[in-house]
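Down below is the structure, laid out as structure tokens.
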Amino acid sequence: VQSGFGKIYKVDVSNPYHPILTGSINAGQSNIQYGNLRIVHNSLLAYAQYDGFLQDLVIINPQTLDVVHTYPGYYHFEIINNDMLITRPIDVSSFYLFSISDSLGLVSQGEVSLPYTINSFPYFIKLDTLTVATQDIHGVKIWNLSGSNQWELLSSFTQASTISGVMCNGFFIIYNRENDSNWFYVYDLSVINTPALMNRCPYPTGLDGDTSVDRLYAYNDYLFHSCLSFGCVCLQVTMEGTVSFESKCYRFNASSGAGHLYNNYILKPFIYSGIACFNISNINNPAYDFSIFEGNTAMFDVIGDLIWIHLSPNVGGNGSENIYNISNLHNPLLLFSIPASPNTGLFYNYNEPTCFYKLDNDSLSISKYVVSGNQVNHLFSYPIPVRMQTPAFVGNQMYLAEESALPLHDLYVYNGFAENNPQPPTVMPDFLPLPGWCYSAGDYLYIRNLGSQIEPCMFYSPVSQFQVNNDIFGFPFQNYVCIGRETGVSFYDISDNPTGYINEDYFLPQYSYSSHIDWDTNHMFLFCQDNIVVYDYQITSLDDDVSQPQTSFLKCYPNPFNTSLTIEPIEDSSKQAEITILNIKGQVVKVINSIASSPVNSNLKWDGSDRYGVKVGNGVYLIQYKAENIKST
């Protein structure tokens, strides 16, 4: 269960590899936030925070998510032995103890005095059924609870920490940050009256960059903690009382750029965490394997065994642009490097898998390099007349955008670079809108219109130019070019060299910005802002009679369609029938007039319009067929 402003969310984690959001409900006003969520019996406990200030302890029905009890001022609380709740109102010296009843809420079990100043609340850590540890920044006290309000101090020790300790694999683990280093203190509590420090372990190697810990969670011999930079870290506590790094999982909205497919791996860059490598040898169960370039924020591109990567170190140093050989992915080999600068940049021609180029606006030149073995050889440099930006290859033609502050920018088109015989450019004046950026999208140049979201953007090639609805990302897929949008991906068929303004041929809903597609013969890998999606796919012509998975009562063809869809009930019915068109959210788009199905005249046509006669957007739609004793979607 996770909280958010004004809402509480429920997530089904019965399959831990694929958690599913099962619903959310408003649990208060928009200025309320809930935290420290705990489920005890059939009650969900939380603190309520109003306008940034902690106010109440609340009990929520976890089935309906209704707030059923509110306790003003009891906002700090913890669950200790036998599901007992301990809390402390503001400006009160005693700690209050309660049992928890599904119907009655909190039932008082008395008070206890503990040696902590008023308006403070230590951590409470359950050690066993009769033993509890309390912890603040000064150290740890261990108590025996012979009764709910009878606490006997057994031992104590001094250990600084600002987060709660935790029992793991029989040891008591405390984390502390000292002099910019991270340490785990491992205590042996087997003799409860004389706790013994077993180990003082530095944060284990395997995770560079941001290792800040805000809370520890234990499961058997594993420790977990969240990391604001990327997600969650898994550590292991050994039988000897040492802490080792095991793995980490990623919060994908911390991605710093598009990912790529490389052999049996998906590579995805993350803020502060380099590039995560996910093994997809088993495509049905992709798994995080390891990371490269840890301690950096990275953006990258791959061609053959070469990776271009822009590295920005997390701590100290300046950024750099580099070419590495990643044929040994665990140990990338640096081949070429330049300091990161707004005046220089490295880029590829995707038709030359052993070459790369450098744009240098300081010397007004383009240089070409070839990699042979693990050696980089400079082939030539060619002058450019003005400062350029966003170099991109389409086929073997190189496009360079003039760098200027003008509303319209010239586009320079060069031939001969791939043949090592560069020719003077053809200049297309005032071709690019502000700010004059263009990008490679397979056989087309993608020209985004940043000046106005309303105006269309363009896909350009020497034989075909067309406009589509504007958005951020343009990229290729098979015989399509694509636009990544906030709600999915628009696909445009380029097999017939379209011209003018065109509508998408297919829309794939994602509800997350998509920035790139890679593919092999069976799978499409869609890299989105906060996830990676793997699809099976087949390439078919738009108006082929392609049958979709059918119910017993209905078939629709062609699917997908451009102008008209035939809806055919395939079981005869002499009763009245009704056809309803629904969008992907289940909302009614159009109800087609009821008909009497018959063997002679049973087919209907849908022209893609809604109930008002307005053409609907491209996407996925559902057809619902109703007749007496029959309902099929």
Side-chain angles (χ1 to χ4, degrees), residues 456 464 466-469 471 477-483 485 487-511 524 535-633:
S464 169
F466 61 94
Q467 295 80 41
V468 302
N469 287 344
D471 221 311
F477 170 67
Q478 293 281 16
N479 60 318
Y480 294 87
V481 290
C482 308
I483 296 288
R485 306 193 186 281
T487 57
V489 183
S490 296
F491 291 77
Y492 302 89
D493 189 351
I494 56 175
S495 55
D496 293 330
N497 298 324
T499 60
Y501 177 86
I502 67 171
N503 292 313
E504 60 206 351
D505 295 295
Y506 183 68
F507 184 76
L508 180 63
Q510 289 297 313
Y511 307 100
M524 181 181 81
Y535 288 94
D536 291 324
Y537 76 91
Q538 291 180 325
I539 296 295
T540 63
S541 124
L542 277 176
D543 284 320
D544 283 351
D545 184 358
V546 180
S547 61
Q548 66 179 30
Q550 295 178 353
T551 68
S552 301
F553 308 103
L554 202 67
K555 69 177 180 179
C556 306
Y557 58 88
N559 183 20
F561 73 99
N562 268 334
T563 58
S564 180
L565 177 71
T566 297
I567 304 168
E568 179 183 336
I570 60 176
E571 288 200 4
D572 180 35
S573 172
S574 60
K575 305 296 184 181
Q576 289 294 103
E578 184 178 85
I579 302 293
T580 304
I581 313 296
L582 305 155
N583 64 20
I584 196 67
K585 296 181 180 179
Q587 299 166 329
V588 174
V589 174
K590 187 174 185 176
V591 177
I592 299 178
N593 291 333
S594 297
I595 62 169
S597 296
S598 70
V600 178
N601 182 20
S602 61
N603 293 356
L604 286 176
K605 300 285 187 181
W606 181 44
D607 63 0
S609 64
D610 64 14
R611 69 184 75 179
Y612 305 108
V614 178
K615 290 287 187 180
V616 299
N618 289 359
V620 177
Y621 292 87
L622 308 176
I623 311 296
Q624 187 177 77
Y625 171 71
K626 296 179 183 177
E628 185 174 325
N629 298 323
I630 298 174
K631 181 178 178 181
S632 177
T633 303

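Start at 1 with the first residue, then count along the sequence. Here the structure is a predicted model, which is why all the values come from computation and not from measurement.
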- Ignoring hydrogens and geometry, is there a side-chain-to-backbone donor-acceptor pair from N479 to I494 under 3.5 Å? no

- Query: Under 3.5 Å, side chain of D496 to main-chain N/O of P498, donor-acceptor pair present?
  - Reply: no

- Go through V616 and V589 one step at a time and tell me if the side-chain contact (heavy atoms from CB on, under 4.5 Å) criterion holds. CA-CA 8 Å; V616 299; V589 174; 3.7 Å; yes

- Query: Do the side chains of T487 and F507 get nearer than 4.5 Å, heavy atoms only?
  - Reply: yes

- Query: Does G608 offer a backbone N or O that forms a donor-acceptor pair with the side chain of K590 under 3.5 Å?
  - Reply: no

- Query: Can you name the nearest heavy-atom pair linking V481 to F466, along with the distance?
  - Reply: CG2-CZ, 3.6 Å

- Passes side-chain contact (heavy atoms from CB on, under 4.5 Å), I483 versus F491? Steps please. CA-CA 7 Å; I483 296 288; F491 291 77; over 6 Å; no

- Message: Looking at every non-hydrogen atom in both residues, tell me the closest pair between L565 and P558 and how far apart they are.
- Response: CD1-O, 3.3 Å

- Task: Could you please spell out the steps behind the ring pair (Phe, Tyr, Trp, His ring centres under 6.0 Å) verdict for Y506 and Y480?
- Result: CA-CA 10 Å; Y506 183 68; Y480 294 87; 8.2 Å; no

- What distance do S564 atom OG and K605 atom NZ have between them, rounded to the nearest 0.5 Å? 5.0 Å

- Measure the spacing between CD1 of I579 and CD1 of I567 and express it to the nearest 0.5 Å. 5.5 Å

- Message: Quick check against the 3.5 Å criterion: does R485 have a side-chain atom that pairs as donor or acceptor with the backbone of N469?
- Response: yes

- Between atom OG of S490 and atom CD1 of I502, what is the distance when rounded to the nearest 0.5 Å? 10.0 Å

- Message: Would you say that V489 contacts C482 through its side chain, given a criterion of any heavy-atom pair below 4.5 Å between the two side chains?
- Response: yes

